[in-house]
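Below is one structure, written out as structure tokens; the observations come after it.
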Amino acid sequence: MKKVNIDGLDLVSFLNGLVFYAPVALLVRTNAGVTMAQFFVLQAVLSLTIFLFEIPTGMITDRVGYKNTMILAQATMFAAKILLFAAYIRGSYMLFVVEAVVEGFAACFLSGTQDAYIYSVYKDERYAVKLARVANFGTAGFIVSTLLYMVFYHFGGISMLIIATMIACGMGIPCVAGIEREPGGRSAEKSNIVLGAGSIKGDSDMAKGSVRGVLTFFADVRMVWMVLLSAGFSLGFLLINFFYVDKLLACGLREELMSPVIIAYSVIQMLAEKILDRTKSAHYRIAMLAAVLLSGAAMILFAFSRTKVVVVTVMVLLPLFLSFPEFILDNLQNTYIDQCGQSGKRATILSIANMVGNLMEIVFLFASAYIVNIGSSACFASAGIMLIVLGLGIVGK
């Protein structure tokens, strides 16, 4: 068993969590002349980029290795922050579009790769715990940046917030470069170097066979249910990000309460690591079912409740209810990939799985005006029902 200590992966997660402009992310665009309609388009461009390039970047990852891809992802994210600063200073909508595309590529390279890296190093027994630990460092960074945001904003405005975020992101590059290489990574790299240009035709044939094998793998009903449940978690977090403030206002609470709520649910969400550490892997499936049912019930309650205490309580607990089973689901997906003998295509498979979540986000973003019209309550209730159905479905497979 590999002992879980603070390492470069934890540190880079913390640094990437330092998004100092997060509380005013909308203002970064609107203050530069971007309209609300254009803002939603930018978010859709980001999701669409991820959706279109998930598979190609996943296949690249399986070729060049997990660590190399994470370095590339961090460097690409740093470039996106530079573009964001340039777009804000110049007030250029086209630069914002380019930034969204570059950020999408960074997300593509990281999507599935970090999970695959952690699984290859820590294996099944400690994978979910380490995954939650890395996420906790990101949450810790987010909390720190939320607390410091007012200081930076007071002295340097939005420009200083972006610059501080850009510096933190850049510091993450040497942190990723310093992590240990995944098992077998060096030998795979040497093999690629020796083959050189003479392997181009063989690589092409292998790529076609790889695609066929991966698509066949996704014809399995159990994997389909896992992918759909993962997408349900993504939609749940998307609703939290977009509609928590609307719910506060609908209950007659002040908008300023949102910052304490964010900090509170971020701290509580970090308990997922401790809970997972105390949960035996043999009990993962039943624990996931209980958490999914709890998440769905909480979302339905949140949708229809107008009691301030109930609404705020659900607000601070729901992210934990969603993240805990999500970590377990990631573990089950990787275990199932091994059982099916597809470990060599792990990044590609995980990337395809993430595409479903991206597709749901794209539909949600382009239909944002309609969703606002029917109300956030309908969205939360529908998502809650969907989670309950998917949770029951996957455990029965």
Side-chain angles (χ1 to χ4, degrees), residues 15-58 60-61 69-114 138 141-142 145 158-159 161-170 172-173 231 234-235 237-243 351-352 354-369 371-372:
L15 291 169
N16 286 339
L18 294 173
V19 184
F20 295 97
Y21 60 81
V24 289
L26 181 61
L27 294 181
V28 172
R29 278 81 176 180
T30 56
N31 281 10
V34 175
T35 66
M36 282 298 297
Q38 289 175 326
F39 174 76
F40 278 110
V41 170
L42 287 174
Q43 301 308 303
V45 167
L46 173 62
S47 295
L48 185 61
T49 301
I50 297 173
F51 176 76
L52 292 176
F53 293 97
E54 278 274 15
I55 297 178
T57 54
I60 291 173
T61 297
T69 302
M70 287 192 291
I71 296 173
L72 179 59
Q74 192 67 26
T76 306
M77 184 60 72
F78 180 56
K81 302 303 181 190
I82 295 175
L83 284 169
L84 179 65
F85 181 68
Y88 176 76
I89 294 299
R90 297 185 59 181
S92 170
Y93 180 66
M94 286 309 301
L95 274 179
F96 277 117
V97 172
V98 174
E99 183 274 331
V101 172
V102 174
E103 184 177 343
F105 269 102
C108 283
F109 281 120
L110 192 59
S111 174
T113 303
Q114 180 172 282
F142 178 72
S145 63
I158 292 178
S159 294
L161 296 175
I162 299 175
I163 291 174
T165 304
M166 185 169 58
I167 292 173
C169 184
I173 298 176
S234 296
L235 183 57
F237 280 112
L238 199 64
L239 290 172
I240 288 173
N241 293 334
F242 272 82
F243 291 128
S351 292
I352 295 174
N354 289 333
M355 285 179 66
V356 178
N358 297 139
L359 181 59
M360 293 182 69
E361 288 185 15
I362 293 169
V363 173
F364 172 79
L365 290 165
F366 278 121
S368 57
I371 291 175
V372 171

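As the structure is a computational prediction, the values presented were derived from the model and not from experiment.
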Audit row: Val97, Leu42, side chain to side chain contact (heavy atoms under 4.5 Å, CB included) steps and yes/no: CA-CA 6 Å; Val97 172; Leu42 287 174; 3.8 Å; yes
Would you name the heavy atoms of Val34 and Tyr93 that are closest together and state the gap between them? CG2-CD1, 4.0 Å
What distance do Thr165 atom OG1 and Met77 atom CE have between them, rounded to the nearest 0.5 Å? 11.5 Å
Distance from Arg29 atom CZ to Phe96 atom CZ, nearest 0.5 Å? 6.5 Å
With sequence neighbours left out, the residues meeting side-chain contact (heavy atoms from CB on, under 4.5 Å) with Val98 are Leu83, Val102
Here the side chain to side chain donor-acceptor pair (under 3.5 Å) pairs for residues 19-28, sequence neighbours left out, are Tyr21-Lys81
Side-chain heavy atoms of Leu84 within contact of Tyr88, under 4.5 Å: no
Qualifying residues under side-chain hydrogen bond (donor to acceptor under 3.5 Å, both in side chains), relative to Gln74, sequence neighbours excluded: Asn16
Which distance, rounded to the nearest 0.5 Å, do you find between the CD1 of Ile89 and the CD1 of Ile162? 7.0 Å
So CG of Leu110 and CZ of Phe105: to nearest 0.5 Å the spacing works out to 15.0 Å
Straight-line distance of Ile82 CD1 to Glu99 CD, nearest 0.5 Å: 11.5 Å
Measure the CZ-CG distance between Phe53 and Leu48 for me, rounded to the nearest 0.5 Å. 9.0 Å
Indicate the atoms forming the closest heavy-atom contact of Gly17 with Ser145, along with that distance. O-OG, 3.5 Å
Smallest separation among heavy atoms of Ala107 and Ile50, with atom names: CB-CD1, 3.6 Å
What one should report as the nearest heavy-atom pair of Ala32 and Ala87 is CB-O, 4.4 Å
